[in-house]
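Each remark here refers to the structure printed beneath this line.
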Amino acid sequence: MPGTGQIFYVAGAGISGLTLALALAKFGAAVVVLERSPVLSEFGAGLQISPNARRVLDRLGLDEAIAARSLEPSGIDIYPYRRPSPLVTLALGQIMRDRFGAAYSVMHRADLVDALYKATRRFANIDILFGVRSWDAQSHARGITIAIDEAGGQTRTGRGHALIGADGVHSQTRRNLLGGPDAQYRGRVAWRTLLPFDSVASELALDRVSVLFAPGYHIVCYPLPHRRQVNIALFAKVPLQKAEAGTVPVLPRALIKSPRIETILAAAGNNWTPWPLYGVDTPHWHLGNIGLVGDAAHAMLPFQAQGAAMGIEDAAVLAPLLVGEPTAEVAFAKFENIRRARVVRVASTAVSNGRIFHMEWPMSVARNAVIAAQGSQGHLKRLAWLYGHDAQPPADLNQSGSGPT
Ligand SMILES: Cc1cc2nc3c(=O)[nH]c(=O)nc-3n(C[C@H](O)[C@H](O)[C@H](O)COP(=O)(O)OP(=O)(O)OC[C@H]3O[C@@H](n4cnc5c(N)ncnc54)[C@H](O)[C@@H]3O)c2cc1C
């Protein structure tokens, strides 16, 4: 494989960092990934991977690995509050492939991270350092320098073309190196659990996603058949003080007055992990030869199921720019120019979904009427800009001598 002679440092071996490492390595660049955790992190639960993200992953050669550990749900059942049958089933499955050219799938986050990690092991030009204790980097006119305190206590210093912070919502890269803001609490908590496959089979169709609306909260459920589990996430408002006082937010059981939701809650018992939801709104995604991708740049509410998808799209756009542009600084500027408007649109769609999902009576009646009238076709048409997007660098990018290998 011809190398580009460039070395990139990526902070964070999550979905964004590993996808970027793969995308850069495919161009022949050398990549060093720094991961704080001593092992691949198993945190998180289920993820919906929409066609805009899946297309990128398929191009990186992950189609089979993902297909082996994911499900293509046949649709999304929308249940208004206390309604025994779905208001509408929004079709997914083959329709998504036909219309958008890639699958809509659901899988466990850890399974996607593992598939990405295994794919990186096929590249001699990707080095992943786990258990990194600390690191510091500086941007110079011709690249970056970095000092890394490794797991074993030794210090490694290096020079590189760029450092990319894929270090998540509370990113050190954003706050310390770019002088960016802390993540902001968004007034919502997700409670997540995984239930045995059969425990909710009487309440939910297990070949589909189910979204249950309720006044002030909503629940998203989908099966992870390869684990024989069902992923459940309940989202509700929790005031700032309660979420930030260091106390563990308590599941708002008093809100719940729907037989179906009570059955799901009973199946889970106290086995819920609360997850206060933070967002990132930072004026700069880069400074000199240091830049950001994924949640580090633009963490968003998960109400359009797109946070990871945006990190994956970021990688597809940024990698060719980094190897093709004369400097990383130019690449980061073009990247932000291409990506910011789309990411802002996705994040604001997620915010309005949160409002729509949690509507109270009588607004909920109007909402249900609109969703029913729109139906499956209307849903696909409304989101074609999102799912049909093909994340690519600009067509005029000069990639002479460094095409994918
Ligand atoms: C309830 C919920 C449901 C969601 N559902 C979906 C969904 O259905 N679809 C979807 O697309 N998205 C979804 N998301 C969003 C998605 O989980 C995130 O957007 C995505 O995981 C972000 O990936 P990332 O790689 O950018 O960051 P992270 O996953 O946070 O990875 C960051 C990595 O960096 C490491 N790290 C942190 N600090 C340092 C440091 N200083 N040095 C080195 N390493 C460091 C961490 O250990 C971690 O491995 C959901 C989120 C939530 C909370």
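Keep in mind that the numbers below use all heavy atoms, side chains included, and drop hydrogens, waters and symmetry copies. Numbering of ligands and ligand atoms starts at 1, following listing order.
Interface atoms of ligand 1 facing Gly168, defined by a heavy-atom separation under 4.0 Å, are 27 (O), 30 (O), 32 (C). Heavy-atom proximity to Trp275, at under 4.0 Å, picks out these atoms of ligand 1: 53 (C). Numbered from 1 in the order shown, with element, the atoms of ligand 1 that lie under 4.0 Å from a heavy atom of Trp135 read 40 (C), 41 (N), 42 (N), 43 (C). Close contacts of ligand 1 with Ala166, meaning ligand atoms under 4.0 Å from a residue heavy atom, involve 32 (C), 33 (C), 34 (O). Every atom of ligand 1 with a heavy atom of Leu277 under 4.0 Å away is listed here by number and element: 53 (C).
Between the side chains of Thr89 and Asp77, at least one donor N or O sits under 3.5 Å from an acceptor N or O. Side chains of His140 and Thr145: a donor-acceptor N/O pair is present below 3.5 angstrom, by distance only. Using a 3.5 Å distance cut-off with no hydrogens or angles, the side chains of Gln172 and Arg174 do not pair a donor with an acceptor.
Using a non-hydrogen distance threshold of 4.0 Å, Leu34 registers as a contact of ligand 1. The shell of residues lying under 4.0 angstrom from ligand 1, judged by heavy atoms, includes Arg109.
Under the 30°/60° scheme for interplanar angles, the aromatic rings of Tyr104 and Tyr387 are found to stand perpendicular.
At least one side-chain heavy atom of Ile66 sits less than 4.5 Å from a side-chain heavy atom of Arg54. Side-chain contact between Val32 and Val10: absent, with no pair of heavy atoms (C-beta onward) separated by less than 4.5 Å.
Contacts with ligand 1 closer than 4.0 Å are made by side-chain heavy atoms of Gln172 only, the backbone lying farther away. Within the 4.0 Å heavy-atom criterion, the part of Ala190 lying near ligand 1 is the side chain and not the backbone. Only the backbone of Gln306 comes within 4.0 Å of ligand 1, counting heavy atoms alone; no side-chain atom from C-beta on gets that close. If you look at Met300 next to ligand 1, there are no close heavy atoms at all, none under 4.0 Å.
Of the candidates Ser16, Gly14, Gly294, the one placing a heavy atom closest to atom 23 (O) of ligand 1 is Ser16. Here atom 36 (N) of ligand 1 lies nearest to Asp167 when heavy atoms of Thr173, Asp167, Val346, Leu301 are compared.
Between the Glu336 side chain and the Trp285 main chain, a donor and an acceptor come within less than 3.5 Å of each other.
A ring-centre distance under 6.0 Å is found for His218 and Phe303.
In this structure, Arg55 is not positioned above the aromatic face of Phe100 in the sense of NZ or CZ being under 6.0 Å from the six-membered ring centre and within 45° of the axis.
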